[in-house]
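The structure appears below as structure tokens.
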Amino acid sequence: MSAPFVSFEGIEGAGKTTLSRWLSERLQQEGVPVWLTYEPWEPRLRALLLERGDLQREEELLLFLADRAIHTRHIRRALEEGKAVLCDRYADSTLVYQGYARGLDLEWVRQLNQFATGGLQPVRTYLLDLPVEVGLLRQRERDRIGAEDFAFHEKVRQGFLAEAQREPHRYLLLDATQPLEQLEQSVWEDFSQLLREHT
Ligand code: T5A
């Protein structure tokens, strides 16, 4: 069985980058092969998606999916090489941002995600949940999508919570207002268990 593939999701400023980096470093210290990655992934698509002002929501969706299709090929390779893969955002972000928040049809977005990933799904998704006002204050940089208004980010938060309810076996819901040390401990306990199950 291949090493675990997990994702980190949540609104802007939730702590995804901080926690995924921490887990990657901890795994390296333990001698576990790991690939820490993120989306949007391909540098030119990332720049287009996060900086270009005039994208329509359909165009945005297709660019995220194109990026995911390319990225997924690399994720599969890393898993085949026996690396655990930690991904800072994955397909759930498209479902929530382009579906729940931009208003594109959810079932259609699910199908397109399935097409782009070839069905690859994380075995665990760590959902870092916190009030929008707290997340936006923590945010390091405001890109094109991060600069959307409060109502947009609230739809994103509620979308993630709805998905976590829909798939309770995959999602681990974490209160992201907790101190980092507590979040690290929760993620470590869960990930160690996944590692035991996958080796
Ligand atoms: N997007 C992405 C879509 O619309 N569709 C998609 O399909 C995909 C893949 C990408 C943008 O693209 C959108 C979503 C986004 O708008 P991004 O590069 O993922 O953007 O950037 P953000 O999510 O905006 O990243 P942020 O850096 O703002 O959020 P993080 O990574 O969740 O937060 P992090 O770890 O950088 O932490 C922010 C600050 O909070 C502190 C950290 O030290 C840091 O200073 N912090 C805490 N402080 C106190 N207590 C804690 N528990 C803390 N955890 C972190």
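In each ligand, atom 1 is the first atom listed, and ligand 1 is the first ligand listed.
The closest approach between any non-hydrogen atom of Glu148 and ligand 1 is not below 4.0 Å. Using a 4.0 angstrom heavy-atom cutoff, Leu128 does not count as in contact with ligand 1. Distances from ligand 1 to the non-hydrogen atoms of Arg21 include no value under 4.0 Å.
With a heavy-atom cut-off of 4.0 Å, Arg89 touches ligand 1 through its side chain alone. By the criterion of a heavy-atom distance under 4.0 Å, the side chain of Arg46, and not its backbone, is placed next to ligand 1. Of all the heavy atoms of Leu183, the ones lying under 4.0 Å from any atom of ligand 1 belong exclusively to the side chain.
Among protein heavy atoms, the minimum distance from atom 12 (O) of ligand 1 is reached at Leu50 CD2, 3.6 Å. Residue, atom and distance of the protein heavy atom nearest to atom 16 (O) of ligand 1 are Glu12 OE1, 3.0 Å. Atom 31 (O) of ligand 1 has its closest protein heavy atom at Thr17 OG1, 2.5 Å.
Taking a cut-off of under 4.0 Å to the non-hydrogen atoms of Thr94, the atoms of ligand 1 that pass are 6 (C), 7 (O). Ligand-side atoms of ligand 1 in range of Ile145: 4 (O), 12 (O), 13 (C), 16 (O), range being under 4.0 angstrom from any heavy atom. For ligand 1, the atoms closer than 4.0 angstrom to any heavy atom of Gln98 are 3 (C), 4 (O), 5 (N), 6 (C), 7 (O). Which parts of ligand 1 touch Thr18 is read off a 4.0 Å heavy-atom cut-off, strictly below it: atoms 34 (P), 35 (O), 37 (O), 42 (C), 55 (C). Interface of Asp143 with ligand 1, defined as ligand atoms under 4.0 Å from a residue heavy atom, comprises 11 (C), 16 (O), 20 (O). Listed by number with element, the atoms of ligand 1 under 4.0 Å from a non-hydrogen atom of Ala176 are 52 (N). Every atom of ligand 1 with a heavy atom of Arg68 under 4.0 Å away is listed here by number and element: 7 (O), 9 (C).
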- Query: Should His198 and Val123 be marked as a side-chain contact (heavy atoms from CB on, under 4.5 Å) after you check the CA-CA gap, both sets of side-chain angles, and the distance that decides it?
  - Reply: CA-CA 10 Å; His198 281 75; Val123 291; 3.7 Å; yes
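Taking CG of Leu128 as the start and CG of Leu183 as the end, the distance is 6.5 Å to the nearest 0.5 Å. The distance from atom CG of Leu112 to atom CG of Leu62, rounded to the nearest 0.5 Å, is 7.5 Å.
Hydrophobic clustering, with ILVMFWY side chains joined whenever heavy atoms are under 4.5 angstrom apart, keeps Phe115 apart from Leu63. The hydrophobic clustering, which links ILVMFWY residues whose side-chain heavy atoms are closer than 4.5 Å, places Ile75 and Trp41 together.
Between Gln193 and Glu197, the side chains place a donor N or O and an acceptor N or O closer than 3.5 Å (distance only, hydrogens not considered). Counted by atom type alone, Tyr97 and Glu60 present zero donor-acceptor pairs between their side chains at under 3.5 Å.
One option in Phe8, Phe64, Tyr97 has a heavy atom closer to atom 6 (C) of ligand 1 than any other, and that option is Phe64.
In this structure, the side chain of His71 does not engage the main chain of Pro40 through any donor-acceptor pair within 3.5 Å.
Taking Glu25 as the reference, nothing meets the salt bridge (charged side-chain N to carboxylate O under 4.0 Å, His left out) condition, with sequence neighbours excluded.
Surrounding CZ of Arg138 are more than 12 heavy atoms belonging to other residues, nucleotides or ligands, all under 6.0 Å away.
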